[in-house]
Amino acid sequence: MPELPEVETVRRGLAPALVGATIERVELRRRDLRFPFPERFAARLQDRRVLDLRRRAKYLLADLDDGHSLIMHLGMSGSFRIDEETPGAFHHKRDKNAAHDHVVLHLDHDRRVVYNDPRRFGYMLLIATQAIDEDKLFRGLGVEPLSGALDAAFLARVFGGRAAPAKALLLDQRLIAGLGNIYVCEALHRAHISPLRPAGSLVLASGRPTAALARLPQSIKGVLTDALKAGGSSLRDHRQIDGSLGYFQHSFRVYDREGAACPTPGCKGTITRVVQSGRSTFYCPSCQK
DNA sequence: AACACCCCCTGTCGGC
DNA sequence: TGCCGACAGGGGGTGT
């Protein structure tokens, strides 16, 4: 489930149970996810206390009391849940999916944090907290889209002279870190910019943003903020930590709505699906130029 | 450098 | 009902 709003929703759900807790034992049910777990992974986590749970881009970072941080990425299908230890309890609904419970963090106070990931595109690793910013996973990351760093001047600077479609640059984590396929489609619709449009065409010869590009920062922040308020989007059966469903998918204006009427007031267009760089793009050819 | 394409893995859904 | 291909919220690697 993991673009910025979903990862942040996971963080907020996990933090109350995880921060301040001690990891008493770690159960690894396989030796790898996308990558092999680090050497002595379970042993290094054992008896560590969690000092903080942060998010950077689509990563979760649990700062531990030994100067290291547990880095977690959910890939395409990763999710966490919190189980209270209730011996004898029978969680019928969990059974089918339990085959993909790959990591169990046994915490104090009889609590478990369980990581489930059917496709195993997620991963976990340990990095010295102080060295995170220089780590190769993090040093190249772009700006946080909800921060002040994302504004029209920034977009004009990174879009200028680029021939790639606007959508491709918005998905590039080296420029803006945290957007994914859904929210890029949604933000471009809100800004009335075609995802196919060459990014450079949104920048004037003077280097200043066009009027359309000047709308984009607020469109990005707006869709992310709205999604956060809704607890993220729940495609298929993904759930929040507490088992409830995020509901922003009901507010999608274009994503997965091929053939539907464009929701822009006064627009008579129809939402269309095209493929860019092998991934689906949804947009309205009528009001997105 | 910049861009397009392929792949990793499993599950689900629509069409036949 | 069953089979088969297309596709899925990410991102790393390679080729041009």
Side-chain angles (χ1 to χ4, degrees), chain A residues 1-11 29-36 55-60 71-80 95-102 115-125 135-142 145 158-188 195-201 223-224 227-228 230-240 245-252 254-259 273-282:
Chain A
M1 43 193 228
E3 297 183 37
L4 186 153
E6 291 74 35
V7 177
E8 178 61 21
T9 297
V10 169
R11 191 196 66 77
R29 299 197 173 157
R30 36 180 313 127
R31 49 184 299 282
D32 61 0
L33 292 171
R34 175 168 188 169
F35 307 117
R55 179 192 59 75
R56 169 74 170 110
K58 300 172 191 172
Y59 294 90
L60 289 170
I71 310 298
M72 298 169 278
H73 196 291
L74 303 175
M76 289 278 270
S77 61
S79 64
F80 282 99
D95 284 357
K96 182 181 172 193
N97 216 240
H100 303 298
D101 287 349
H102 303 309
Y115 179 70
N116 182 287
D117 188 354
R119 293 177 73 178
R120 303 201 304 274
F121 286 171
Y123 51 94
M124 295 188 189
L125 52 114
D135 189 273
K136 68 174 183 335
L137 280 179
F138 290 88
R139 69 178 172 226
L141 287 177
V158 297
F159 278 23
R162 299 289 298 269
K167 187 201 178 196
L169 294 200
L170 293 175
L171 279 175
D172 188 336
Q173 303 298 300
R174 296 170 298 184
L175 304 179
I176 304 171
L179 299 181
N181 205 29
I182 291 177
Y183 296 107
V184 165
C185 290
E186 294 293 317
L188 286 167
L196 308 176
R197 186 162 167 181
S201 76
V223 72
L224 295 178
L228 275 167
S233 305
S234 300
L235 274 57
R236 307 202 166 73
D237 62 348
H238 273 294
R239 283 168 188 275
Q240 297 186 33
L245 292 166
Y247 54 87
F248 190 71
Q249 67 277 12
H250 302 303
S251 301
F252 290 170
V254 293
Y255 186 82
D256 203 20
R257 300 194 69 234
E258 182 178 21
R273 174 183 173 272
V274 296
V275 175
Q276 292 180 278
S277 307
R279 305 186 70 187
S280 289
T281 296
F282 298 90

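Below, all heavy atoms of this structure are taken into account, side chains as well, without hydrogens, waters or symmetry copies.
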Check your understanding: Between A/Gly142 and A/Arg56, which heavy-atom pair has the shortest distance, and what is it?
Key ->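 Closest approach of A/Gly142 to A/Arg56: O-NH2, 2.9 Å.
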
What is the separation between atom [atom1] on [X] and atom [atom2] on [N], rounded to the nearest whole Å?
X	N	atom1	atom2	result
A/His102	B/dC9	NE2	P	12 Å
A/Arg119	C/dA8	CZ	P	10 Å
A/Tyr123	C/dG11	OH	P	7 Å
A/Asp172	B/dA1	CG	P	14 Å
A/Asp32	B/dC8	CG	C1'	11 Å
A/Asp117	C/dG9	CG	P	15 Å
A/Phe159	B/dC3	CZ	P	11 Å
A/Leu33	C/dG11	CG	P	15 Å

Review point. With both distances kept under 3.5 Å, what pairs with B/dA4, Watson-Crick or G-U wobble?
Key: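 Because both required distances fall under 3.5 Å, B/dA4 counts as paired with C/dT14.
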
Exercise for review: Can you tell me the pairing partner of C/dC3 across any strand shown, Watson-Crick or G-U wobble, with both distances under 3.5 angstrom?
Suggested key: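 Pairing partner: B/dG15.
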
Review point. With a 4.0 Å cut-off on heavy atoms, is A/Ala163 in touch with a base, just the backbone sugar-phosphate, or nothing at all?
Key: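 Sugar-phosphate only.
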
Practice item. Look at all strands and tell whether A/Arg34 reaches a base, only sugar-phosphate, or nothing, counting heavy atoms closer than 4.0 Å. Key: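 Touches a base.
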
From the set [options], return the single nucleotide nearest to any side-chain atom of [X].
X	options	answer
A/Lys58	C/dG10, B/dT10, C/dA8	C/dG10
A/His100	C/dG12, B/dG11, C/dG10	B/dG11
A/Arg162	C/dG10, B/dC3, C/dG12	B/dC3
A/Arg279	C/dG12, C/dG9, B/dC8	C/dG9
A/Glu3	B/dA4, C/dG9, B/dT10	C/dG9
A/Tyr255	B/dC8, C/dG9, B/dG11	C/dG9

Should [X] be listed as having a side-chain N or O under 4.0 Å from OP1 or OP2 of [N]?
X	N	result
A/Ser280	C/dA8	yes
A/Arg120	B/dC8	no
A/Gln173	C/dG11	yes
A/His73	C/dG10	no

Got a donor-acceptor contact below 3.5 angstrom from the [X] side chain to the [Y] backbone?
X	Y	result
A/Glu3	A/Gly178	no
A/Gln276	A/Pro195	yes
A/Glu8	A/Gly231	no

Report the distance from atom [atom1] of [X] to atom [atom2] of [Y], rounding to the nearest 0.5 Å.
X	Y	atom1	atom2	result
A/Glu186	A/Phe248	CD	CZ	6.0 Å
A/Asn181	A/Thr281	CG	OG1	6.0 Å
A/Leu33	A/Arg119	CG	CZ	14.0 Å

Check your understanding: What distance, rounded to whole Å, do you find between the two P atoms, one in C/dG5 and one in B/dC7?
Key ->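 Between the two P atoms, the distance is 15 Å.
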
**Study point:** Close approaches to DNA chain C from residues 174-188 of chain A, in residue order (heavy atom, under 4.0 Å)
**Key:**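 Heavy-atom cutoff 4.0 Å gives A/Gly180, A/Asn181, A/Ile182.
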
Practice item. Answer yes or no as to whether C/dG10 has its base stacked against A/Phe121, where stacking requires a ring-centre separation under 5.5 angstrom and planes under 30 degrees apart. Key: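 Taking the rule of under 5.5 Å and under 30°, the ring of A/Phe121 does stack on C/dG10.
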
**Study point:** Option passing side chain to side chain contact (heavy atoms under 4.5 Å, CB included) with A/Phe80 (candidates A/Asn116, A/Leu60, A/Asp117)
**Key:**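 Result for side chain to side chain contact (heavy atoms under 4.5 Å, CB included) with A/Phe80: A/Leu60.
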
Check your understanding: Could you walk me through whether A/Phe282 and A/Phe252 pass the ring-ring contact (aromatic ring centres under 6.0 Å, His included) check?
Key -> CA-CA 11 Å; A/Phe282 298 90; A/Phe252 290 170; 9.4 Å; no

